[in-house]
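Every chain is numbered from 1, with letters handed out A, B, ... down the list of sequences.
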Amino acid sequence: MTIKEIFDLLKNRFENIKIYIEKFEVGEEYIVVSPDALKQILQEIRNNPRLHFDYLMCISSVDDANGEIKKDENGNKIIKGGTLSLYYHLYSTTRNHKIAIKTSVDRENPAVPTAIDLWKSADWHEREAFDMMGIKFEGHPNLKRILMPYDWNAGFPLRKDFITPEYYNDLKIPY
Amino acid sequence: MMNEAYNLEYKSLKKEGDSEIMILNMGPQHPSTHGVLRLELKVNGEIIEEVIPHIGYLHRCFEKHAEACNYQQVIPYVDRMDYLSSMYNDFGYAIAVEKLLGIEIPERVEYIRIIMGEFQRIASHLVAIGTFGLDVGSFTPFLYCFRDREKILTLFEKTCGARLLYNYIWPGGVSHDLYPEFKNDALNFLKEFKRNLKDLEILLVENKIFIERTAGIGVLPENIAINYAASGPMIRGSGIPYDIRKIEPYGIYDRFEFNIPVGEGMMGKKGDCWDRFYVRYLEILESIKIIEQALDSLPDGNVFEKLPKKIKPKKGIVYSRVESPRGELGFFIISDGSDKPFRIKVRAPSFVNLSILPEIAKGCFIADLVAILGSIDIVLGEVDR
Amino acid sequence: MMTLNIAFVSKLLIIPIFFGIFVSLFALFAVYAERKISARVQNRIGPNRVGPYGLLQTIADILKLIQKEAPYPFGSDKIFFNLAPILSFAASFVIFSVLPFNYYLCGLDLNLGLIFIIAIGGFNVISILFAGWSSNNKYSLLGSMRSASQMISYEIPIALIFAAVFIAFNSLNTIDITKAQENYFFNWNIFGGDNHLLKRILIIPFSAISVIILFIAFLAEANRTPFDIPEAESELVAGFHTEYSGIKFSFFFLAEYSNMFIAAALISIIFLGGFSSPFGYIGSLLNSNFIINIEQFFWFTIKSLSIVFLQMMVRWTLPRLRADQLMNLCWKYLIPYSLVAVFYALIISYI
Amino acid sequence: MNTINEKDNLLNNKIEYNSKDKNFYFEPGVIIAKADELFSWARKSSLWQLTFGLACCAIEMMSTSASNYDFDRFGVIPRPSPRQADVMIVSGTVTLKMASRIKILYEQMSEPKYVISMGSCATCGGPYWQHGYHVLKGVDRIIPVDVYVPGCPPRPEALLDGLITLQKKIEKEYLLKEKNDNKRNI
């Protein structure tokens with residue numbers, strides 16, 4: 001099934017939820033969902049026999065950097081407002097079709113329901129999204145940093161306004 | 001000070017209240033963790049109650065670098081992610097960028113990429129089989145595998161000048177054309193390699209102790225494999241023919257006929273360590289078939305004609321996936337019209353395959369855990385990115 | 001009462017010095033040979049930079065190990081930590097006194113030679129337990145627990161086979177066993193010993209079974225692959241000698257190699273006719289006792305070294321067994337077969 | 001290279017000894033020199049390497065100890081436990097999370113120990129020097145390094161050359177003097 005058919009199926013399945021297809025000039029299109037309706041949509045595409053997306057390929061977290069840029073006290077730029085977005089890429093081993101779902105969460109306290117009970121592979125992807133972007137996943141059993149050291153308190157590295165700290169436990173970081 | 005991080009990390013080790021359970025730390029420096037991976041084992045005697053993998057000891061900030069370099073400068077960093085099959089990383093990255101650019105590739109480049117990719121798959125599987133034999137205790141197969149791998153590396157070195165990290169496949173073409181007598185060098189190697197595979201078969205595949213050590217251990221049932229999104233020899237070992245070269249053919253894989261080896265549980269149960277090992281061994285034979293077909297129908301032509309000087313793709317998002325020797329390697333690239341990618345997220349197969357370890361290593365011996373880890377075949381550069 | 005005449009006193013001095021030199025020379029040679037053989041098996045070149053053809057490699061290793069700092073791990077039990085290597089080397093060194101190299105160099109003329117060997121074999125177990133316990137390291141504790149269970153359970157088949165040998169070749173004294181297989185190789189026990197044809201045909205299968213069982217059991221005693229689980233490199237970093245370095249580690253290293261030689265020597269004594277030469281002694285034609293001694297020494301070392309070579313080849317081809325597979329190999333296969341060998345020996349002794 | 005003329009001074013006895021000099025008795029006379037050279041030769045020709053691979057350079061280190069470029073020729077055996085190892089070949093990128101482990105490992109190694117920093121990642125952070133927020137820019141910030149091997153990853157021959165340079169350096173060391181003041185400028 002192409003993404004259009006899946007979109008129409010979801011559309012008439014959930015009338016009240018605002019979902020639409022977005023596409024840039026190049027590349028694939030994907031379905032945009034608001035964070036609070038995300039859990040329903042994910043459950044639907046997993047359990048609906050005609051869709052049956054049982055293989056979560058990848059969860060990617062992106063910092064859209066669309067807030068307004070401000071200068072903080074010692075001069076480096078800070079992005080206020082704006083959104084962080086999450087892309088879920090799924091595949092169905094039986095129906096052999098793919099889909100990409102996007103949700104965007106506001107930057108200040110990003111929180112998204114976890115998808116661990118649907119696909120076990122979401123566990124490490126979500127921990128990495130939390131570690132790199134700071135997006136909290138409610139319901140995740142042990143949401144800890146996975147790649148960075150456990151006591152890293154200098155912020156979330158992959159955000160566009162991340163400033164590399166000068167020292168980490170008396171180890172000088174910059175060259 | 002420095003040892004706060006150390007104490008914080010080992011806080012869980014300090015509270016060994018329950019006398020029955022001993023917390024053993026297979027630390028970042030261990031002969032059989034294939035690099036810097038720390039496994040925290042809760043051990044009751046020799047039986048493992050629980051495994052907690054701690055990764056991140058080789059996190060080299062790939063995604064941060066990808067945002068700071070333009071599309072051609074990212075290739076050396078893509079090489080250094082899965083340093084055992086860096087040719088295939090370039091291949092995956094090149095296909096993703098070409099989807100963004102929407103350009104056509106000359107025929108000869110397509111064939112060269114398939115040949116180089118399959119040679120890299122053989123080299124990577126040889127290392128996987130060699131270190132798997134090392135974990136189970138036999139030293140000699142490791143050196144036989146490395147001897148054959150050296151021959152492949154000389155082929156690579158003669159074409160693109162590097163032994164391990166090649167920066168060879170660029171978006172839109174290749175950096176160097178094949179040197180004139182590449183074809184019969186490769187054919188000689190393949191002929192001799194088939195003979196060498198025989199003594200590898202005697203040493204490992206039919207070795208009674210090896211079979212006893214690996215059959216029926218670390219069984220990965222099908223539903224857990226799909227639920228954990230395993231890929232590559234991990235999922236094919238459990239009997240699911242999930243190979244992206246067949247499901248979603250990229251490049252010109254649909255022109256060659258080869259079959260996908262799948263684990264049938266010949267020696268033990270389906271989806272155990274031996275099956276994963278045997279699937280890798282059969283995949284080497286398949287790759288030889290592909291290379292032979294590609295070599296004798298290798299067209300000639302100019303390799304550099306479609307190579308773009310400046311890569312400035314239009315705004316767009318692409319997720320392309322390739323079948324790297326370790327599994328499904330996905331590149332998620334967002335381009336915002338400038339010559340630097342806005343964001344690159346890599347779906348590393350070892351990262352996902354490693355997350356299955358706590359699931360299948362419950363209740364086995366320490367010696368089995370080493371065998372299971374060897375059969376998963378992870379590369380820490382890719383796990384930590 | 002032992003008469004204190006000159007011969008006895010001179011023997012008392014010469015033999016320990018000879019064995020001391022022989023063991024250290026053998027250890028130096030064996031370490032170098034192992035690295036060269038493993039290199040040949042893996043078709044690479046072994047050590048050849050240190051001295052001509054790398055012959056001085058092991059001397060360089062020993063000299064370097066002397067200079068190494070040998071720290072005590074934190075919270076380790078110092079007495080047992082030091083006692084373990086000495087005990088393990090002493091245990092394998094004492095067993096040499098029972099091995100007859102030739103008529104003159106044959107140390108103790110014990111009637112309970114083989115039982116003495118099993119008794120001293122127990123010291124190895126204690127020394128490894130000391131090492132594992134005292135180095136205050138989880139890996140070495142695991143390694144020593146495994147090796148204690150392995151060595152104890154593999155001493156039973158050895159003891160049973162020695163009993164069967166005692167019944168079949170009616171002597172426990174190593175020198176008498178060798179003397180019974182004197183002159184001409186078809187008198188060796190592997191070919192049925194020097195008795196009439198019917199008994200010889202009966203003895204050959206018995207010797208075959210017990211040679212294989214002894215070889216496997218001795219491999220396990222000396223912690224050699226496929227039974228090198230106590231110092232399994234890939235699982236328990238370096239097993240019981242993880243915390244040892246410097247001269248203490250070299251004692252463990254030498255103990256392992258002298259254990260290998262003892263295993264080879266015992267197999268050659270019981271089944272391949274110890275120091276008896278296959279074609280009779282040339283010295284007996286010139287009837288000079290001294291040449292006979294040299295020949296006997298020559299044949300004894302050649303047989304033992306060939307079995308040591310076999311042990312080394314086994315190490316570089318086979319993977320490692322798991323601890324529980326090792327146990328059921330011993331209890332389910334080796335011990336029942338050695339019981340069968342004992343009954344079979346009973347039958348033989350009546351014919 | 002001041003080693004040659006020093007030996008000439010020694011031979012024709014130009015150096016004046018004053019008894020108040022601290023290492024008056026340890027000046028390398030003929031007898032002591034010989035013993036030192038023997039021990040340095042032994043230390044040089046049996047360097048046991050700690051199996052310790054971090055990243056891509058570890059694969060090159062493995063192919064160095066494989067059949068084509070044999071490490072065993074120089075007497076280098078891989079030893080898993082730091083107690084028995086002499087040389088620690090830091091092969092790969094040192095990250096901040098790994099830094100405390102490397103320091104502990106270095107301290108666990110027993111005394112005459114050496115460090116080869118293999119590859120430009122271990123030497124100065126390599127390709128990750130600019131944006132590597134989690135990469136330690138060079139392992140010599142936490143442990144003293146004896147020999148740096150350039151390259152990313154260095155070829156096996158480069159690693160062998162690094163090992164030979166370390167062996168030359170060990171030859172010139174004196175065991176009898178303390179370690180730090182006898183490191184002559186090579």
Side-chain angles (χ1 to χ4, degrees), chain B residues 13 16 22-27 29-34 39 41 43 45-48 130-148 150 196 199 202-205 207-217 277 364-374, chain C residues 34-35 37-46 74 132 136-150 216 219-220 223-239 242 312-329 332-333:
Chain B
L13 284 183
E16 273 173 318
M22 172 170 92
I23 294 184
L24 190 67
N25 176 25
M26 261 164 102
Q29 185 262 337
H30 190 275
S32 72
T33 48
H34 291 254
L39 294 177
L41 316 176
V43 175
E46 279 268 349
I47 317 267
I48 292 172
T131 43
F132 186 51
L134 207 63
D135 292 345
V136 165
S138 58
F139 293 94
T140 323
F142 173 74
L143 286 147
Y144 286 171
C145 293
F146 261 73
R147 172 196 60 192
D148 296 332
E150 285 295 324
N196 293 347
D199 55 24
I202 297 158
L203 258 179
L204 273 185
V205 179
N207 189 321
K208 185 76 183 68
I209 300 180
F210 181 80
I211 290 169
E212 222 174 88
R213 270 298 298 277
T214 50
I217 289 156
F277 156 76
C364 70
F365 290 96
I366 296 178
D368 294 341
L369 174 73
V370 171
I372 294 167
L373 193 60
Chain C
E34 169 120 53
R35 284 171 73 172
I37 288 167
S38 78
R40 279 296 172 272
V41 164
Q42 294 155 359
N43 63 45
R44 53 187 172 86
I45 318 151
F74 176 73
N136 188 16
N137 171 340
K138 284 180 185 149
Y139 283 123
S140 30
L141 191 64
L142 269 175
S144 56
M145 288 308 146
R146 283 182 177 182
S147 79
S149 57
Q150 169 186 329
I216 295 171
L219 268 182
N223 289 343
R224 297 283 303 177
T225 312
F227 306 100
D228 70 342
I229 288 151
E231 25 154 301
E233 284 217 342
S234 59
E235 295 128 34
L236 316 164
V237 185
T242 317
M312 285 182 186
M313 289 304 279
V314 162
R315 170 166 187 185
W316 297 107
T317 42
L318 292 181
R320 184 181 303 123
L321 273 176
R322 209 179 42 204
D324 61 324
Q325 289 162 349
L326 169 110
M327 282 305 151
N328 74 41
L329 169 73
K332 284 197 192 130
Y333 297 102

Is it the side chain or the backbone of I217(B) that comes within 4.5 Å of chain C heavy atoms, both, or neither?
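Looking at I217(B), just its side chain touches chain C.
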Check whether Y144(B) gets within reach of chain C through its side chain, its backbone, both or neither, counting any heavy atom under 4.5 Å.
side chain
Between L142(C) and L24(B), does a side-chain contact (heavy atoms from CB on, under 4.5 Å) hold up when you go through it step by step?
CA-CA 10 Å; L142(C) 269 175; L24(B) 190 67; 3.9 Å; yes
Donor-acceptor pair, side chain of E212(B) and main chain of Q325(C), under 3.5 angstrom
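Checking the backbone N and O of Q325(C) against the side chain of E212(B), no donor-acceptor pair under 3.5 Å is found.
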Using only atom types and a distance under 3.5 Å, with no angle test, would you say the side chain of R213(B) pairs donor to acceptor with the backbone of R320(C)?
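Such a contact is found between R213(B) side chain and R320(C) backbone.
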Output, in order, the C-alpha distance, side-chain angles, deciding distance and verdict of side-chain contact (heavy atoms from CB on, under 4.5 Å) for N43(C) and L143(B).
CA-CA 8 Å; N43(C) 63 45; L143(B) 286 147; over 6 Å; no
For the CD1 atom of I366(B) and the CZ atom of R322(C), what is their distance to the nearest 0.5 Å?
12.0 Å
Over all heavy atoms of both residues, which pair between [X] and [Y] is shortest? Give the atoms and the distance, please.
| X | Y | answer |
| --- | --- | --- |
| D324(C) | F365(B) | OD2-CE1, 3.8 Å |
| F139(B) | Q42(C) | CB-NE2, 3.7 Å |
| S138(B) | T317(C) | CB-O, 4.3 Å |

In the structure I gave you, are the side-chain heavy atoms of N207(B) and L318(C) within less than 4.5 Å of one another anywhere?
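Yes. Closest side-chain heavy atoms under 4.5 Å.
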Any non-hydrogen side-chain atom of R146(C) less than 4.5 Å from a side-chain atom of E46(B)?
yes
